[in-house]
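Just so it is clear: chains get the letters A, B, ... in the order the sequence lines come, proteins before strands, and each one is counted from 1. Treat the numbers as computed from the prediction; the structure is a model and nothing was measured.
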2 protein chains.
Amino acid sequence: MAKAHDPIFRALADPTRRAIFERLCHDGDQTVAALTAYAGVSQPGVSKHLAVLKQAGLVCDRHEGRQTHYSVQRDALKPLVDWAGQMAGFWEGKLDDLEDLLGRMDQ
Amino acid sequence: MAKAHDPIFRALADPTRRAIFERLCHDGDQTVAALTAYAGVSQPGVSKHLAVLKQAGLVCDRHEGRQTHYSVQRDALKPLVDWAGQMAGFWEGKLDDLEDLLGRMDQ
DNA sequence: CTTATTCATAACTCTTTGGCTATCAATTAA
DNA sequence: TTAATTGATAGCCAAAGAGTTATGAATAAG
């Protein structure tokens, strides 16, 4: 069973990669050059990180001329939140925040 | 910036470790021996995984005689869900901005 | 007291991975 | 056409990490 949350956890475990994802969440659509200027690593490093994020279904890319724009995939974090909800449901410590978030992400 | 969600993401990135955490969520309090019987790795391997989970604040331990019982830490996944909510809030806010813009353009 | 059990730590191996530089294909500008 | 820019890929290397066996400390049992 190759669950959807496994590559997501893997992808978000690295701080550099998570920072790139956070920036995409915060500022929206970005070119590789823009992300490279801000991330503390080389351009090939950024490209590799973006490939991992894309593979995990967290981001999508759009080609425009010679530049590639990356943006957050819609409902990217849903498998993660669903998993957390399942775990929380097990130990019955119902988190109101979680239920609220699940409700908002279901739309 | 050593945020609380960083060690959590790291800890949950490994499938063996995540399986241990899932079992603790599902079945509650477990001894190391019980977890070892079920995980596909050696007892020292399980102990090491449990140390990582504990360090991340995901589980807590309780000593009873010569055995150690592990269980899920209360609100263990809250930093994770909070982070996800924050990320979701970012693109949600963008959507609001867009709706706002669209609304203003209607007039 | 001696032996068995339970778990943690130490020490090691091997794989994965995150970083780099070099380079290439594709596109745009001169 | 030629030169410059953008980003992806290849290849390499060092560090991290997940696994192992061996062993030690603490407790329980005989």
Side-chain angles (χ1 to χ4, degrees), chain A residues 1-3 5-24 27-73, chain B residues 1-3 5-24 27-73:
Chain A
M1 272 201 262
K3 311 248 184 171
H5 58 262
D6 178 75
I8 296 181
F9 272 120
R10 264 189 227 280
L12 295 176
D14 179 70
T16 302
R17 205 151 46 218
R18 202 169 55 243
I20 292 175
F21 178 77
E22 287 172 350
R23 179 160 171 87
L24 286 175
D27 296 341
D29 189 290
Q30 301 276 321
T31 67
V32 175
L35 293 169
T36 301
Y38 145 89
V41 295
S42 65
Q43 175 268 309
V46 171
S47 277
K48 223 156 62 163
H49 282 310
L50 287 168
V52 174
L53 290 170
K54 184 182 171 187
Q55 191 67 25
L58 289 171
V59 304
C60 53
D61 56 350
R62 169 175 64 85
H63 297 280
E64 194 171 293
R66 64 184 162 187
Q67 41 195 5
T68 311
H69 294 253
Y70 281 86
S71 57
V72 175
Q73 178 70 253
Chain B
M1 20 168 160
K3 310 256 184 172
H5 58 260
D6 179 74
I8 296 182
F9 272 120
R10 264 189 227 281
L12 295 177
D14 180 70
T16 302
R17 203 151 49 216
R18 203 168 53 243
I20 292 174
F21 179 77
E22 287 172 352
R23 179 161 171 87
L24 286 174
D27 297 341
D29 189 291
Q30 301 277 320
T31 66
V32 175
L35 292 169
T36 301
Y38 146 89
V41 295
S42 64
Q43 175 268 311
V46 172
S47 276
K48 226 159 55 165
H49 282 309
L50 287 168
V52 174
L53 290 169
K54 184 182 170 185
Q55 191 66 27
L58 289 172
V59 304
C60 53
D61 57 350
R62 170 175 62 86
H63 298 279
E64 192 171 294
R66 63 185 160 183
Q67 42 195 6
T68 311
H69 294 253
Y70 282 87
S71 56
V72 175
Q73 178 71 252

Near DNA chain D, counting only heavy atoms under 4.0 Å, which residues of residues 59-69 of chain B show up?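 DNA chain D contact set from residues 59-69 of chain B: B:Gly65, B:Arg66.
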Give the minimum heavy-atom separation between A:Ala39 and A:Val46, together with the two atoms involved.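 Of all heavy-atom pairs spanning A:Ala39 and A:Val46, the closest is CB-CG2, 4.1 Å.
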Distance, rounded to the nearest Å, where [X] contributes [atom1] and [N] contributes [atom2]:
X       : N      : atom1 : atom2 : value
A:Lys54 : D:dT9  : NZ    : C1'   : 14 Å
B:Leu53 : C:dA8  : CG    : C1'   : 15 Å
B:Asp6  : D:dA16 : CG    : C1'   : 14 Å
B:Ile20 : C:dC7  : CD1   : C1'   : 14 Å
B:Asp14 : D:dA16 : CG    : P     : 17 Å
B:Leu50 : D:dG17 : CG    : C1'   : 16 Å
B:Gln55 : D:dG17 : CD    : C1'   : 15 Å
A:Leu12 : C:dT17 : CG    : P     : 15 Å

Nearest-neighbour nucleotide for the [X] side chain, [options] considered:
X       : options               : value
A:Arg17 : C:dC7, D:dA18, C:dG18 : C:dG18
B:Ser47 : C:dA8, D:dG19, C:dG19 : C:dA8
A:Ser42 : D:dG7, C:dT21, C:dG19 : C:dT21
B:Pro44 : D:dA22, D:dG7, C:dA22 : D:dA22

Do A:Leu50 and A:Leu35 touch side chain to side chain, with heavy atoms closer than 4.5 Å? yes
I'd like to check A:Arg62 versus A:Thr68 (side-chain heavy atoms, cut-off strictly below 4.5 Å). Are they in contact?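 When only atoms from C-beta onward are counted, A:Thr68 and A:Arg62 do not touch, as no gap falls below 4.5 Å.
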When you measure from the side chain of A:Arg17 to the backbone N and O of A:His49, does any donor-acceptor pair fall under 3.5 Å?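 Looks like no, no N/O pair under 3.5 Å.
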Under a 4.0 Å N-O cut-off, is there an ion pair linking A:Asp14 with A:Arg18? no
Report the distance from atom OG1 of A:Thr16 to atom CZ of A:Phe21, rounding to the nearest 0.5 Å. 15.5 Å
Can you measure from CG (B:Leu24) to SG (B:Cys60) and round to the nearest 0.5 angstrom?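 Those atoms lie 9.5 Å apart.
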Answer with base, sugar-phosphate or nothing: what part of the nucleic acid does A:Thr36 contact at a heavy-atom distance below 4.0 Å? nothing
Does the D:dG17 base have a donor-acceptor partner in the side chain of B:Lys48 within less than 3.5 Å?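 Side chain to base: no pair below 3.5 Å.
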Does OP1 or OP2 of D:dG19 have a side-chain N or O of B:Thr16 closer than 4.0 Å? yes
Under 4.0 Å: is that the gap between some side-chain N or O of B:Tyr70 and OP1 or OP2 of C:dT6? no
